[in-house]
Amino acid sequence: EPEVTQTPSHQVTQMGQEVILRCVPISNHLYFYWYRQILGQKVEFLVSFYNNEISEKSEIFDDQFSVERPDGSNFTLKIRSTKLEDSAMYFCARQTGHYGYTFGSGTRLTVV
Amino acid sequence: KNEVEQSPQNLTAQEGEFITINCSYSVGISALHWLQQHPGGGIVSLFMLSSGKKKHGRLIATINIQEKHSSLHITASHPRDSAVYICAVRSETSGSRLTFGEGTQLTVNP
């Protein structure tokens, strides 16, 4: 299976700025996910995206967050006005086979 | 109480030792994943289980659905096995999302 590529690998942004994290699944898979991991904590679910629509979202995924699949291959997570507590590692993932997962390499977001 | 509990939190071993990491969960699941996270942060899927046992090289994963428990074993451990090992479950009632354990930090010394 092809890898899931995330860009950038590391982004530093000022509080209040908008950031867009990108994921390239390079396939026609239908199910995609965003997870995040705050430093020293466990990985948390943010949102799942099925057939170009949000299918599930967690309580973390508030109005500051949005997801899109703008051109059929890229998959983006946008944070509209970043807060210090948004600093985390963000992973995209895609479902493979029936229940399998392939994770991206992650984007480390640092909000200063 | 967390839905997914791992033990131990930290484990230090000597090269060559047999290692066991445990995962208990409190919900009905459709699948359980064992994942590996290296210091750079990337997550690699090791196994997906819904029953029984799977083996890949020196890694063995088992699951007991009735007891809601899974184990990851590493035979003949090596320093390159040093990483965080994470158990994650796909609940029967929470769609396709994964719920993660806290992870086990494994350090294998030469």
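By convention in this document, chain letters (A, B, ...) are assigned in the order of the sequence lines, proteins followed by strands, and residues within each chain are numbered from 1.
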### Query
With the 4.5 Å side-chain cut-off for hydrophobic clustering, are V112(A) and I20(A) part of the same group?
no

### Message
Starting from L84(A), can I reach I60(A) by hopping between I/L/V/M/F/W/Y residues whose side chains sit under 4.5 Å apart?
### Response
yes

### Query
Would a hydrophobic clustering, with Ile, Leu, Val, Met, Phe, Trp and Tyr connected at side-chain separations under 4.5 Å, put I54(A) with F32(A)?
yes

### Query
Linking I/L/V/M/F/W/Y whenever any side-chain heavy atoms sit under 4.5 Å apart, do M15(A) and V19(A) land together?
yes

#### Entry: Within 6.0 Å of NZ in K42(A), more than 12 heavy atoms from elsewhere
yes

### Task
Step through the shown structure and confirm whether more than 12 heavy atoms of other residues, nucleotides or ligands are within 6.0 Å of CD on Q14(B).
yes

### Message
Around atom CG of D63(A), are there more than 12 heavy atoms from other residues, nucleotides or ligands closer than 6.0 Å?
### Response
no

### Query
Which region of Q37(A), side chain (C-beta onward) or backbone (N, CA, C, O), has a non-hydrogen atom less than 4.5 Å from a non-hydrogen atom of chain B, or is it both or neither?
side chain

### Query
Do S96(B) and Y33(A) meet the criterion of a side-chain donor-acceptor pair at a distance under 3.5 Å?
yes

### Message
Can you list the residues of residues 100-110 of chain B that sit under 4.5 Å from chain A, counting heavy atoms only?
### Response
F100(B), G101(B), E102(B)

### Query
Hey, which residues of residues 43-65 of chain B are touching chain A, say heavy atoms under 4.5 Å apart?
I43(B), S45(B), M48(B)

### Message
If hydrophobic clusters are built from ILVMFWY residues whose side chains come within less than 4.5 Å, do I38(A) and W34(A) share one?
### Response
no

### Message
Tell me whether E85(A) at atom CD has more than 12 heavy atoms from other residues, nucleotides or ligands lying less than 6.0 Å away.
### Response
yes

### Query
Is there a donor-acceptor pair under 3.5 Å between the side chain of Y35(A) and the backbone N or O of R97(B)?
no

#### Entry: Worked check of side-chain contact (heavy atoms from CB on, under 4.5 Å) between Y101(A) and L98(B)
CA-CA 10 Å; Y101(A) 260 69; L98(B) 294 183; 3.6 Å; yes

